[in-house]
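Attaching a single structure in structure tokens format; questions to follow.
Basis for what follows: all heavy atoms, side chains included, without hydrogens, waters or symmetry-related copies. Throughout, numbering of the chain's residues begins at 1 and tracks the sequence.
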Amino acid sequence: MILEWYVGFHFGRWRNHLGKIYPFGWLGHVEIWGYTEDETWLFYDPQVSGTKVIVIHRHDDVIDQLAARHTICDLILRLPNDGAKPPFNLWLPMTCATVIAHMTGVGAFTPWGLQKRLLAKGAEVIHENPERRSRRQGRSLQGAAHFRT
């Protein structure tokens, strides 16, 4: 069983890394990772082109994956796994946000809806892209904690 979840948010972008218009990125993207009692890590990324699942135990490989997530995610939340059951079954259109909402026991359809519900559930902000932070409106999120390794 996963002891603690980390949820990484990629904020919406009009263009992909090649500079081409990318409709799938307009709403943003969400991925999730966490660890078990024996320090085995699960990285789960539901993408349009196919879900990516990485299960690793070696310390150096875990550190590389965590560093990559810290670099590419605009916002990372930490949430203890409380074993909560989702409020509905996954029969709705599945997006990255609905899948991850289901895994964390909340109901959400969009990345910003998921972010709002996880924060309301007590998730802690451990990373926020400073460039994005300056553009955000409303409350300022803070977080400087490091990943547990």
Quiz prompt | From H57 atom NE2 to D38 atom CG, the distance as rounded to the nearest 0.5 Å | solution = 5.5 Å
Exercise. Apply the side-chain contact (heavy atoms from CB on, under 4.5 Å) test between L75 and each candidate in V7, V30, V125; give the one that qualifies.
Key: V125
Exercise. Specify the closest pair of heavy atoms between A108 and G113, including all atoms of both residues, with the distance to one decimal.
Key: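 So the two residues come closest at CB-C, 3.9 Å.
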Quiz item: Backbone N or O of H70 within a donor-acceptor pair of the H127 side chain at under 3.5 Å?
Solution: yes
Quiz item: Among the clusters formed by ILVMFWY side chains lying less than 4.5 Å apart, do L42 and M1 turn up in the same one?
Solution: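 No, separate clusters.
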Practice problem: Please check if the side chain of K121 supplies one atom and the backbone of L79 the other of a donor-acceptor pair under 3.5 Å. | Solution: no
Quiz prompt | Shortest non-hydrogen contact from A97 toward P111 | solution = CB-N, 3.6 Å
Self-check item: side chain to side chain contact (heavy atoms under 4.5 Å, CB included) between M103 and W5, intermediate numbers included
Solution: CA-CA 9 Å; M103 293 172 75; W5 289 117; 3.7 Å; yes
Quiz item: How long is the gap from CH2 on W33 to CD1 on I54, to the nearest 0.5 Å?
Solution: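 If I round to the nearest 0.5 Å, the distance is 11.5 Å.
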Quiz item: Is V53 reachable from M94 through a run of I, L, V, M, F, W or Y residues, each pair having side-chain heavy atoms under 4.5 Å apart?
Solution: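 Hydrophobic grouping puts M94 with V53.
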Practice problem: Please check if the side chain of D61 supplies one atom and the backbone of I56 the other of a donor-acceptor pair under 3.5 Å. | Solution: no
Practice problem: Give, for atom CZ of F11 and atom CG of D74, the distance between the pair rounded to the nearest 0.5 Å. | Solution: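 It is 5.0 Å, given to the nearest 0.5 Å.
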Exercise. Decide yes or no for T110 and T95: does some side-chain heavy atom of the first lie under 4.5 Å from some side-chain heavy atom of the second?
Key: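 Side chain of T110 against side chain of T95, heavy atoms only: no contact under 4.5 Å found.
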Quiz item: How many angstroms lie between atom CD1 of I100 and atom NE2 of H102, to the nearest 0.5 angstrom?
Solution: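 Answer rounded to 0.5 Å: 12.5 Å.
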Practice problem: Would you indicate whether the side-chain heavy atoms of E39 and H59 approach each other to under 4.5 Å? | Solution: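 Sidechains of E39 and H59: no contact.
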Quiz item: With hydrophobic residues grouped by side-chain heavy-atom distances under 4.5 Å, do I72 and F43 end up in a single group?
Solution: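 They do not share one cluster, since no chain of ILVMFWY contacts under 4.5 Å joins I72 to F43.
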Exercise. Anything under 30° is parallel, anything over 60° is perpendicular, the rest tilted; go ahead and classify H29 against H10.
Key: tilted
Self-check item: CD1 on I126 to CG on L77, rounded to 0.5 Å
Solution: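 The CG atom of L77 sits 8.0 Å away from the CD1 atom of I126.
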Quiz item: To the nearest 0.5 Å, how far apart are CG in L66 and CH2 in W41?
Solution: 4.5 Å
Quiz item: Taking all non-hydrogen atoms of both residues, which atom of C73 and which atom of I76 are closest, and how far apart?
Solution: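 Heavy atoms of C73 and I76 come nearest at CB-CG1, 3.8 Å.
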Quiz item: Are K52 and E31 ion-paired here, with the side-chain N under 4.0 Å from a carboxylate O?
Solution: no
Practice problem: Look only at the side chain of N81 and the backbone of I2, and say whether a donor-acceptor pair between them is shorter than 3.5 Å. | Solution: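 Yes.
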Quiz prompt | Side chains of Y6 and R69 in contact at under 4.5 Å (non-hydrogen atoms) | solution =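 No. Closest side-chain heavy atoms not under 4.5 Å.
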